[in-house]
Protein chains: 2
Amino acid sequence: MNIGTAARRSALPAKTIRYYEEIGLLRPARADNGYRDYSDADIHRLKFLQRARGLGFSVEECRQLLSLYGDSHRASADVKALAATKLDQIEHKIAELQSLKKTLTHLVRTCHGDARPDCPILDELSGASA
Amino acid sequence: MNIGTAARRSALPAKTIRYYEEIGLLRPARADNGYRDYSDADIHRLKFLQRARGLGFSVEECRQLLSLYGDSHRASADVKALAATKLDQIEHKIAELQSLKKTLTHLVRTCHGDARPDCPILDELSGASA
DNA sequence: GCTTGATCTTCCAGCGACTGGAAGGATTAG
DNA sequence: CTAATCCTTCCAGTCGCTGGAAGATCAAGC
């Protein structure tokens, strides 16, 4: 199967698929004409990557997950640990963004937002309150 | 004032300050020895940048904010619009992360996490449920 | 005056995860 | 046979820094 079809089936851009190959995440066969030739197993792997990336795992973490996935003797604890770490990171990021949101919401609310030049947002950024 | 002092006062790494200069966010004077020489106004500008970046504004948005800051005829509505857009983006990002969190939490909870190889997380990623 | 160490300069390279585009070969439809 | 589409490789750019090398300058101590 050519890369265009693989792209459609995995919901990944062809460029990204080539990139994943370049960094060693998969090794598709080659047809006689030099075109990449994807098997169903390759598509499975690409979909796996697509889902894992969508869940916020980095490419390196995806590599680990794929390695665990391919290891029939893996312990589920290893996978759980990876996912739990990622969950932690996501929670931290959420907390950080919520703090930003709070500050920005306050600023937006106190700015009258008309044609006049005085602006509490710029005041805050310029350190007027500090 | 040398860059080291400017770095301490603005809470930005010296490398970052040089980078900001390179992309045209400020133009410090130069002393006879070739060292950058920061004025109090420069420090003010750097602190402004430090705060705005900390609030999640991109460097290009910071450039706009600085331009609005320096324009005494600006309308506060312009600044408010920038901030409101940023707020929207932050809210979207939070929603996205919360959705990720939900999925990952579920996966982590259903994975027994012991030495056995069966793992609902990998099952999900491999598309067992799809 | 000399040495040492901190600080400054420029320049180049790399991070992560792609994405865009150019130049050219292969395939397919009509 | 032609035109359109798809494939190939390679190089460059994105964003916002960050690290390091090589060399100049400065400040402090002896």
Side-chain angles (χ1 to χ4, degrees), chain A residues 1-39 42-43 45-46 48-66 85-86 89-90 93 96-97 100, chain B residues 1-39 42-43 45-66 86 89-90 93 96-97 100:
Chain A
M1 168 189 340
N2 284 347
I3 199 170
T5 311
R8 251 165 278 128
R9 289 224 207 152
S10 63
L12 285 170
K15 277 270 185 191
T16 300
I17 297 177
R18 285 195 201 94
Y19 171 70
Y20 285 170
E21 178 181 348
E22 192 188 324
I23 62 173
L25 289 179
L26 76 163
R27 252 169 235 281
R30 291 283 176 148
D32 289 345
N33 57 12
Y35 286 14
R36 288 169 180 83
D37 185 15
Y38 295 88
S39 67
D42 289 327
I43 302 304
R45 209 171 166 83
L46 287 171
F48 185 105
L49 285 166
Q50 197 270 334
R51 289 194 195 97
R53 290 286 299 123
L55 277 177
F57 289 98
S58 74
V59 162
E60 283 318 302
E61 286 162 344
C62 288
R63 201 190 295 278
Q64 288 180 61
L65 285 170
L66 277 172
T85 300
K86 185 48 62 181
Q89 291 169 7
I90 288 172
K93 191 74 194 167
E96 198 182 321
L97 286 175
L100 287 185
Chain B
M1 168 187 343
N2 284 347
I3 199 170
T5 312
R8 250 164 279 127
R9 289 224 208 151
S10 63
L12 285 170
K15 279 269 184 188
T16 300
I17 296 176
R18 287 197 200 94
Y19 171 70
Y20 286 170
E21 178 181 348
E22 191 189 323
I23 62 173
L25 288 179
L26 76 164
R27 254 169 234 281
R30 291 282 177 150
D32 290 344
N33 58 12
Y35 287 14
R36 288 169 179 83
D37 186 15
Y38 295 88
S39 67
D42 289 328
I43 302 302
R45 210 172 165 81
L46 287 171
K47 282 185 182 168
F48 185 104
L49 285 166
Q50 197 268 334
R51 289 194 195 97
R53 291 285 299 125
L55 278 177
F57 289 99
S58 74
V59 163
E60 281 320 300
E61 286 161 344
C62 287
R63 201 190 296 277
Q64 288 181 61
L65 286 170
L66 276 172
K86 185 50 59 182
Q89 291 168 6
I90 288 172
K93 192 73 195 166
E96 197 181 321
L97 286 175
L100 287 186

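Reminder, nothing fancy here: chain letters follow the sequence lines and each chain counts from 1.
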For D:dC26, does either OP1 or OP2 sit under 4.0 Å from a side-chain N or O belonging to B:Asn33? yes
note: B:Arg18, atom CZ; C:dT10, atom C1'; distance rounded to Å ~ 9 Å
Hey, which sits more toward the 5' end of DNA chain D by its nearest nucleotide, A:Ile3 or B:Asp32? A:Ile3
Under 4.0 angstrom between A:Arg36 side-chain N/O and D:dC6 OP1 or OP2: no
4.5 Å side-chain heavy-atom contact, B:Ile43 and B:Thr5: no
Decide whether A:Lys86 and A:Gln89 meet the rule of one side-chain donor and one side-chain acceptor closer than 3.5 Å. yes
Just wondering, are more than 12 heavy atoms of other shown residues or ligands nearer than 6.0 Å to CZ in B:Arg27? no
Tell me, please, which residues at least two apart from A:Phe48 pass ring pair (Phe, Tyr, Trp, His ring centres under 6.0 Å). A:Tyr69
Evaluate B:Leu66 against B:Leu49 for side chain to side chain contact (heavy atoms under 4.5 Å, CB included), listing each step before the verdict. CA-CA 8 Å; B:Leu66 276 172; B:Leu49 285 166; 3.7 Å; yes
In whole angstrom, give the distance that lies between atom CD of B:Glu22 and atom C1' of C:dC11. 10 Å
If you only use heavy atoms from C-beta on, which nucleotide in D:dC7, D:dT9, D:dA24 is closest to the side chain of B:Tyr35? D:dA24
note: B:Arg63, atom CZ; D:dG16, atom P; distance rounded to Å ~ 10 Å
Length of the CE-C1' vector between A:Met1 and D:dC6, whole Å: 16 Å
Of all heavy-atom pairs linking B:Pro28 and B:Asp42, the shortest is CA-OD2, 3.8 Å
At under 4.0 Å between heavy atoms, how does the protein contact nucleotides 12-23 of chain C? Give one character per nucleotide, 5' to 3', with B, S or -. -----BBSBB--
Check the distance between C:dT10's P and B:Glu21's CD and give it to me in whole angstrom. 7 Å
Measure CG/B:Asp37 against P/C:dC8 and give the value in whole Å, please. 12 Å
